[in-house]
Amino acid sequence: MSRYDPAALEPKWQAAWDDAGTFLAKRDAAKPKYYVLEMFPYPSGRIHIGHVRNYTMGDVIARYKIATGHNVLHPMGWDAFGLAAENAAMERGIHPADWTFKNIDDMRAQMKPLGFSIDWSREFATCTPEYYGKQQALFLDMLAAGLIDRKNATVNWDPVDMTVLANEQVIDGKGWRSGAEVERRDLTQWFFKISDMAGELLDALDTLDNWPAKVKLMQSNWIGRSRGLQFAFGLTEPRGGHDRVEVYTTRPDTLLGASFVGISPDHPLAKELEAHNPEVAAFCAACRKGGTTEEALEKAEKMGLDTGLRVRHPFDTAWELPVYIANFILMDYGTGAIFGCPAHDQRDLDFARKYDLPVVSTYAPVDDADHTLPEDGGAAYVPPKTESVHYIRGFAGKGTQTGTDGVDTAIAFCESSGVGQGVTKFRLRDWGLSRQRYWGCPIPVVHCEACGVVPEKKENLPVELPKDVSFDIPGNPLDRHPTWRDVPCPSCGAPAKRETDTMDTFVDSSWYYARFTAPHADTPTVAEDAAYWMNVDQYIGGVEHAILHLLYSRFFARAMNITGHLPDSAREPFDALFTQGMVTHAIYKTTREQDGRPVYHYPEEVELRDGGAFLKADGQQAEVIPSAKMSKSKNNVVDPVAIIAQYGADTARWFVLSDSPPERDVEWTASGAEAAYKHLGRVWSLSDRIVAMDRTAPGAGDEDLLRAVHRTIHDVTMGVESFGFNAAIAKLYAFTNVLSKSKASYTTQRQAMMALAQLMSPMTPHLAEDIWAQQSGEGLIANAPWPVADAAMMVEDTVTLPIQINGKRRSEITVPRDLQKEEVEKLALADDAVQRALAGGQPKKLIVVPGRIVNVVI
RNA sequence: GCGGGCGUGAUGGAAUGGUAGACAUACCAGACUUAAAAUCUGUUGGGCCCUGUGCCCGUGGGGGUUCGAGUCCCCCCGCCCGCACCA
């Protein structure tokens with residue numbers, strides 16, 4: 001008798017799929033297409049068990065769709081630009097390209113043994129000129145179409161590394177790498193005009209029925225539409241060309257409770273005052289210190305400075321309000337100026353109390369209309385807009401309205417009296433794409449003294465990164481390259497300078513899904529291929545990309561549509577999205593006695609016994625922190641390569657799907673992996689045993705086994721269709737138990753075994769192929785049509801009905817499946833338990849749900 | 001602060017409003033073994049009476065709707081995630 005030997009059978013079947021070209025995707029108008037895509041990886045050099053889970057889920061879908069007659073596209077590539085390559089260059093002197101391509105080779109070699117149904121002929125890396133050159137073409141087309149802008153922006157500048165930092169790279173106001181104090185600096189940068197599409201990107205979320213509600217909500221909040229009033233307060237005395245302050249408010253219904261006007265330290269009026277007044281200059285400088293992160297802003301104390309300027313209230317020229325510069329007002333939201341209504345905003349109330357400004361209520365609770373809370377020293381009264389309140393100083397006079405109605409009334413009143421305009425604003429800002437870095441896609445423009453900013457000609461693409469660069473000093477190597485910058489102006493031919501900024505790596509990942517439809521074409525996309533393969537039918541990835549990557553991709557698909565690179569139908573590129581959870585692992589921790597520092601132990605250093613974890617070395621008990629995110633510093637990382645070496649790919653695939661719902665985190669446990677391996681071994685042995693059966697001997701219970709087969713086909717199919725992989729696997733366990741105990745004939749057991757292999761084939765494809773071959777199945781199981789459950793074969797002749805008395809289960813009866821309701825009632829009433837409970841009386845009510853349950857109410 | 005999600009045995013989890021705890025882990029017991037490992041079999045929510053077997057309680061807590069609630073509704077508690085000086 002042989003044994004399950006994944007190390008031998010897995011490479012064998014991978015070679016068989018390769019030889020047959022099983023997963024090469026070709027356009028075929030006769031078949032429905034299905035495009036399944038997992039978020040492509042960054043080539044760090046090592047695959048992570050999280051990758052295994054992500055790609056296994058995609059593979060299950062892909063293989064299932066192949067089996068159900070679809071023409072499947074399931075590609076893989078590399079998100080290969082990024083800072084890590086430059087860090088490696090600085091730390092180890094390796095060229096970013098060499099480092100990246102070596103990592104890609106390593107990761108591909110680690111990934112292939114997992115047996116994914118990937119069309120490797122479509123593989124590409126975003127760091128190749130073949131890819132980024134097409135991206136430059138897209139950039140030029142988008143520039144021509146008015147989708148790209150060049151403007152000033154305030155950025156975090158690291159003066160030591162001489163580069164722009166993202167907000168998340170600023171820690172406590174210091175650069176994460178250099179430790180230098182970060183400066184805010186105005187730079188001219190390229191922007192995608194994504195905010196022009198804010199309304200469409202928001203409204204179209206409603207059409208994404210197969211996206212998680214959570215992701216849509218996060219995007220909706222991020223885009224942040226608000227409806228409000230824009231109007232101006234007139235200054236009592238003009239100052240430096242300013243005679244008014246434009247403000248934006250979402251609560252114009254509180255306008256008659258205004259007590260001050262606040263402007264941002266970066267507001268033009270503040271800058272005007274700053275130039276002439278040292279006190280103002282000192283205050284604004286203090287406000288600008290520190291980073292631009294949310295965290296830094298939140299910690300900063302609310303500060304204001306009375307400018308001495310006064311404005312007139314638009315509805316009462318005798319009413320004057322002071323103008324403050326305040327550090328909590330953001331220049332890039334609304335107009336950079338607000339009016340404060342302390343009665344209905346806690347922050348404004350705190351500010352008013354600090355600077356002794358009046359508090360005037362415009363509305364009060366409906367049931368307490370005379371009591372104006374904040375004026376009496378309480379908290380600001382800030383009810384939800386949907387709530388009805390009693391207006392004291394409203395635009396519809398005194399009376400009760402919801403906040404929403406009050407706002408609408410105020411906007412209508414202000415518009416009709418010419419005071420202001422109702423406007424819609426978005427929180428979403430334009431997407432700055434310039435990075436002062438080497439390892440990214442060069443922005444294909446040239447700066448000419450005579451012509452200004454000139455787009456590179458398409459025939460000169462790709463603008464390739466020079467290979468001869470050094471990373472021994474900080475800053476962007478492209479900036480100091482001796483010759484790379486020097487090019488003739490594409491317009492006038494005079495000597496000019498190339499742009500040395502490169503693109504944000506999010507650009508690379510914003511259109512790779514489209515490139516996969518024609519990965520080697522000379523143009524970014526090919527119309528026929530894009531029309532056939534787009535959209536992505538199922539996209540799978542981590543929820544950490546819920547906002548940026550997915551929003552940028554939605555923008556890019558629209559931009560590619562506008563510039564003729566994608567059809568109208570692909571403006572919303574991902575039909576369905578699934579966000580999978582992480583793979584976690586326990587942490588084993590002890591505390592060092594000398595200094596109380598934690599010490600983290602590798603799982604292999606720990607012995608699990610008596611419900612605890614103990615160090616093998618000295619028997620000391622370790623604290624177990626379950627379900628922790630894998631982290632090298634916590635020594636709880638599971639290496640897929642080691643798992644495959646120990647158990648094979650099918651075990652790894654089976655386990656990452658089996659224990660938890662796919663959208664939730666799953667904890668990797670050694671015992672769970674062991675159990676998965678044992679189970680696959682049992683299935684293999686079962687097949688082996690069936691092959692050896694006496695083929696002429698009569699069996700018993702063939703009907704029962706067939707019913708279980710069809711029931712399992714049904715359940716597993718439903719599970720795969722609905723991403724209920726863990727539930728599908730549970731059904732497969734249960735069915736395996738049934739089959740292993742079956743005494744049915746060879747023919748029926750073989751049929752059951754082949755069905756089991758097919759149902760397992762999306763999860764454990766190698767094992768399934770091997771069993772298929774053992775059982776003399778035709779061709780490859782990867783190409784075999786998915787089994788169909790016969791509804792007639794799933795029903796039993798008799799059903800067991802639980803009998804409840806007053807809703808509690810007390811007994812059961814077994815009756816023919818289609819027995820008349822009246823007969824069921826009779827049998828139920830005759831039941832011993834029911835008779836006892838009735839004690840000779842009559843039931844108040846008798847409920848019979850055919851085929852399900854009987855409830856006797858007494 | 002705002003928004004969303006989740007709370008079920010020792011553990012991961014299952015359950016179109018219809019037998020709560022499928023399936024798996026862990027534990028315990030048994031078979032095999034000199035022994036262990038492996039393998040196989042069985043038990044396992046809590047309590048009461050050990051009398052077969054029955055009864056009571058049980059899905060974070062409290063209330064409600066229903067013949068029937070883990071599931072639907074209201075209030076509360078806890079945990080997780082996202083956003084957050086957004087005017």
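Residue numbers start from 1 in every chain, and the chains themselves are labelled A, B, ... in the order their sequence lines are given, proteins ahead of strands. All values below were derived from every heavy atom in this structure, side-chain atoms included, with hydrogens, water molecules and symmetry-related copies excluded. All values derive from a computational prediction rather than experimental measurement.
K678(A) has its NZ atom 10 Å from the C1' atom of A37(B), to the nearest Å. Atoms CZ (F735(A)) and C1' (A14(B)) sit 20 Å apart, rounded to a whole Å. Rounded to whole Å, atom P of G12(B) lies 21 Å from atom CD of E674(A). Here the P atom of nucleotide A22(B) and the OH atom of Y733(A) are 15 Å apart, to the nearest Å. The interatomic distance linking Q804(A) (CD) with U66(B) (P) rounds to 17 Å, in whole Å. Rounded to whole Å, atom P of G3(B) lies 10 Å from atom CG of L217(A). Between the CH2 atom of W222(A) and the P atom of C2(B) there is a distance of 21 Å, rounded to whole Å. Atom P of nucleotide C80(B) and atom CD of E544(A) are separated by 19 Å, given to the nearest angstrom.
A84(B) makes up no base pair with any nucleotide shown, lacking Watson-Crick or G-U wobble contacts both under 3.5 Å. When both pairing distances are held under 3.5 Å, A37(B) makes no Watson-Crick or G-U pair with any nucleotide shown. Under the Watson-Crick and G-U wobble criteria, each requiring two contacts below 3.5 Å, nucleotide C55(B) is paired to G47(B).
If you take atom C1' in G58(B) and the same atom in U8(B), they sit 10 Å apart, rounded to whole Å. U19(B) and G7(B) are spaced 24 Å apart, taking the C1' atom of each and rounding to whole Å. A distance of about 12 Å separates the C1' atoms of G21(B) and U44(B), rounded to the whole Å. Straight-line distance between the C1' atoms of G54(B) and C50(B): roughly 12 Å, to the nearest whole Å. Rounded to whole Å, the C1' atom of U25(B) lies 29 Å from the corresponding atom of A69(B). As rounded to the nearest Å, A37(B) and C28(B) have P atoms that lie 11 Å from one another. Between the P atoms of G78(B) and G61(B), the separation comes to 15 Å (whole Å). Separating the P atom of G63(B) from that of U11(B) is a span of 26 Å, rounded to the nearest Å.
With respect to K354(A) and D350(A), no salt bridge is recorded, no charged nitrogen being found less than 4.0 Å from a carboxylate O. Checked for salt-bridge contact, R3(A) and D5(A) miss the test: no charged N lies under 4.0 Å from a carboxylate O.
The phosphate of A24(B) (OP1 or OP2) has no side-chain N or O of R682(A) nearer than 4.0 angstrom. Using a 4.0 Å cut-off, some side-chain N or O of R810(A) falls inside it from OP1 or OP2 of C55(B). Taking 4.0 angstrom as the limit, N737(A) places none of its side-chain polar atoms (N or O) nearer than this to OP1 or OP2 of A22(B). Side-chain N/O atoms of R809(A) include none lying less than 4.0 angstrom from OP1 or OP2 on A20(B).
For S671(A) and D659(A), each mapped to the nucleotide of RNA chain B holding its nearest heavy atom, the one lying further toward the 5' end belongs to D659(A). Comparing I729(A) and P661(A) along RNA chain B, the residue whose closest nucleotide (by nearest heavy atom) sits nearer the 5' end is P661(A).
When heavy atoms are screened at a 4.0 angstrom cut-off, D348(A) is found touching no nucleic acid atom at all. Contacts of A727(A) with the nucleic acid, taken as non-hydrogen atoms under 4.0 Å apart, are absent. In this structure, I803(A) reaches neither bases nor backbone, as no heavy-atom distance under 4.0 Å exists between it and the strands shown. Residue-level contact check: D345(A) touches neither bases nor backbone, having no heavy atom under 4.0 Å from any strand. Among the atoms of the strands shown, none is found under 4.0 Å from any heavy atom of R225(A).
Side-chain contact check for H313(A) versus L256(A): some heavy-atom pair is nearer than 4.5 Å.
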Test side chain to side chain donor-acceptor pair (under 3.5 Å) applied to N726(A) and S660(A), step by step: CA-CA 6 Å; N726(A) 58 323; S660(A) 289; over 6 Å; no
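The base of U16(B) lies close enough to the side chain of R852(A) for a donor and an acceptor atom to sit less than 3.5 Å apart. Counting distance only, with no hydrogens placed and no angle test, the side-chain atoms of N855(A) and the base atoms of C67(B) include a donor-acceptor pair under 3.5 Å.
K845(A) NZ to N806(A) CG: the interatomic distance, rounded to the nearest 0.5 Å, is 12.0 Å.
Closest approach of V60(A) to V720(A), counting heavy atoms only: CG1-CG1, 4.1 Å.
Inspection of the Q219(A) and R554(A) side chains reveals an N or O donor paired with an N or O acceptor under 3.5 Å.
Annotated as anti: G45(B), whose O4'-C1'-N torsion sits more than 90° from 0.
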